[in-house]
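Values in this document were obtained by computation on a predicted structure and should not be read as measured data.
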Amino acid sequence: MDFPSEHGQMITEPLLTNRKGGIRTLPFILANEAFESLANYGLLPNLIIYLTREYRIDAAKGAHILFLLSSAINFTPILGAFLADTYVGRYRMIGFGCMASLLDHVLYVSYADVSSILNFSICPTKLNPEQGITLIFMLQGMVLLWLTTFPEARPPPCVQSSYNCKSATTLQLLLLYTAFCFLAIGAGGIRSSSLAFGADQLGTSNSLKHARIRESFFSWYYGIVAASVFLGMTFVVYIQDNVGWMVGFGVPVVLMILSSLSFFVASPSYVKSKPRASWITGLAQVVVGSIRNRRIKLSSQATDKVDYHTKGSMLLVPSEKLRFLNKACIIRNPQEDLTPDGKASNPWSLCTVDQVEDLKALIKVIPIWSAGMLKSVNVSQSSFLILQASTMNRHITSKFEVPAASFPSIVVLVITTWVVLYDRIIIPLVSKVKGKIVCLNLKQRMGIGILLSTISMAALAIAESFRRETAIKEGFPEDPHAQLHISAMWLLPYFVLSGLAEAFNAIGQNEFFYTELPKSMSSVASTLQGLGLSAASLVSSFIVSAVRDFTKGEAQESWVSSNINKGHYDYYYWLLTILSLVNFIYYLVCSLCYGPCREEKWFNR
């Protein structure tokens, strides 16, 4: 893999002379994440149909289940990041996630050949004996797979009226929910560490050349994942619609096997950073220590007090921001506070300067992290978009109609296209003309993304207004499933703008958190965006519930009615537009208060 230098030339030599790590390991890490994304996102779009048709679950309840699943998938990576950083390491965490995800996809396959799947799924563990713990999950998966081959594992086929169809039993639902749990656990293992693990292979140098290589890796990582999501939402969804659930859910099993193999095959070449002491414990010690030492008076002179720091640390004194926390690292009495070898006698009363600065760094990025929340709320509206698209003309030719569930893949296509254009054409060309590296800084990219997300919601509100007017004019106010004479291309501006918003904001967020937070928290830094998505799902649910309760009356439908022709989803989208605009202003304030980030300091040298 090549990376453009500041003069537009390709850099091929960095880190290739090292025995471990380097650019040569990145294709395997990228392939691992690509196959995992292709497998998982191939399942998600059509799961609502799978639940309603195969398990007799009500559509509303099914949507609620998938909403919780989405929240869990975005939340578990933060737990995986904690375990990776403090206990098991990123390498083992990714391997664990591969196996858990593989088990999840195996659970979806009914009437499959158990012995053939077992032979393939054992292979990754043979490549790496350290992953023995995952055998427990594999055995559980094999047992559950075996149980799904029995007729009692699912509701019987419905051949009569839907009113006489039997619903899924408690045991059948338990098997289904267990599969969802494996999906969330697998996502927590792989997505929590994959990006940071790849960055580990490039070293910790802060030179301008390495900063450019790291930026390019982040862009390619997100672009490749986006391309995989696009293929999953189109290719795999098409197979499920036209071939059946057996093959449609069997393809992700094969993809997860390839994901595991692509990761473990390069195992001898990886840089495997050892886990460090729990960063959560360290941060908690700072809070407790500052409270215990709250009576200490801080002078305006930093040299008046002796600060505790570890040997070889680059930080000898704490910064002046959030000065209350500095009390946790002040040595009051060396004979009582320190042991003979110079360590803190009570780490809950005396912390290092590094611990104090780590907590300050985390607190400092929280406002900017929260500013991306509403942008993520905008992204979570895909279920409503599928309802809209299903009523519009989606024919490309007279014989081919685009599945409604595949329309969100346009966002992914836009992201992938922009990453290639930005990284391979725009930046090298402008840098060559200027004679130096020229690119938007991280805060500019995140801000542009939030602004574009605001504009995209306005475009969606306009499109929905025209769609609803068409439904009423054509006489279908009572039929939310009627096919209207309005092209689904009305939704295209929203998808394009939303894709550009993600390309600017999501990539910028990942790189911003990774560069601004300490290296000991790099896995957590790479999953903060996912944590925002998880929180945004809950916020989105709250907004929908509030809008439904406040706008529904005795004689009128709510804005978010199940009948999209009688509701006013255009009003709902305008509300999100206003909230997004307020959020953009909030982000500008947070950005100004944050000050220059590390990346800006490097480029200003």
Find the distance between CZ (Arg394) and CG (Leu491) and round it off to the nearest 0.5 Å. 10.5 Å
Report yes if some heavy atom in the side chain of Leu492 is under 4.5 Å from a heavy atom in the side chain of Ile410; otherwise report no. yes
Taking Ser228 for its side chain and Ala34 for its backbone only, find out whether a donor-acceptor pair lies under 3.5 Å. yes
Name the residue from Trp418, Phe512, Tyr422 that meets the ring-ring contact (aromatic ring centres under 6.0 Å, His included) definition with Phe504. Trp418
Hey, are the side chains of Met446 and Lys375 touching, using non-hydrogen atoms and a 4.5 Å cut-off? no
Kindly compute the distance separating CG (Leu442) from CD (Glu516), expressed to the nearest 0.5 Å. 7.5 Å
Quick one: do Ser71 and Leu538 satisfy side-chain contact (heavy atoms from CB on, under 4.5 Å)? Show the steps, please. CA-CA 7 Å; Ser71 182; Leu538 300 179; 4.0 Å; yes
Of all the heavy-atom pairs spanning Gly42 and Val237, show the shortest one and how long it is. O-CG2, 4.3 Å
What's the spacing between Arg445 CZ and Ile507 CD1 if we round to 0.5 Å? 7.0 Å
Could you check whether any side-chain heavy atom of Phe407 comes within less than 4.5 Å of a side-chain heavy atom of Leu385, counting everything from C-beta outward? no
Heavy-atom pair with the smallest gap, counting every atom of Pro408 and Met233: CB-CE, 3.4 Å
Would you say the side-chain atoms of Gln444 pair up with the backbone N or O of Asn441, donor to acceptor, closer than 3.5 Å? yes
Partner set under side chain to side chain donor-acceptor pair (under 3.5 Å) for Ser453, not counting sequence neighbours: Asn378
What are the two closest heavy atoms between Ser456 and Leu497, and how far apart are they? CB-CB, 3.6 Å
To the nearest 0.5 Å, tell me how far Leu255 CG sits from Ser37 OG. 10.5 Å
Would you compute the distance between atom CD1 of Ile224 and atom CD1 of Ile29 and round it to the nearest 0.5 angstrom? 11.5 Å
Where is the tightest heavy-atom contact between Val414 and Val496, given as atom of each residue plus distance? CG1-O, 3.7 Å
Pairs satisfying salt bridge (charged side-chain N to carboxylate O under 4.0 Å, His left out), at least one member in residues 244-254, at least two apart: none
Does any non-hydrogen side-chain atom of Ile73 lie less than 4.5 Å from one of Leu69? yes
Does Trp369 reach the side chain of Leu531, with side-chain heavy atoms less than 4.5 Å apart? yes
Which atom names give the shortest non-hydrogen contact between Ser376 and Gly532, and what distance separates them? CB-O, 4.4 Å
Got Ile396 and Glu401 here, is their nearest side-chain heavy-atom distance under 4.5 Å? no
Search all heavy atoms of Phe75 against all heavy atoms of Ser534 and return the closest pair with its distance. CB-OG, 3.4 Å
Would you please name every residue forming a side chain to side chain donor-acceptor pair (under 3.5 Å) with Ser540, sequence neighbours left out? Ser380, Gln381
Distance check, rounded to the nearest 0.5 Å: Leu173 atom CG versus Thr178 atom OG1? 10.5 Å
Could you tell me whether the side chain of Val236 reaches within less than 4.5 Å of the side chain of Leu231, counting heavy atoms only? no
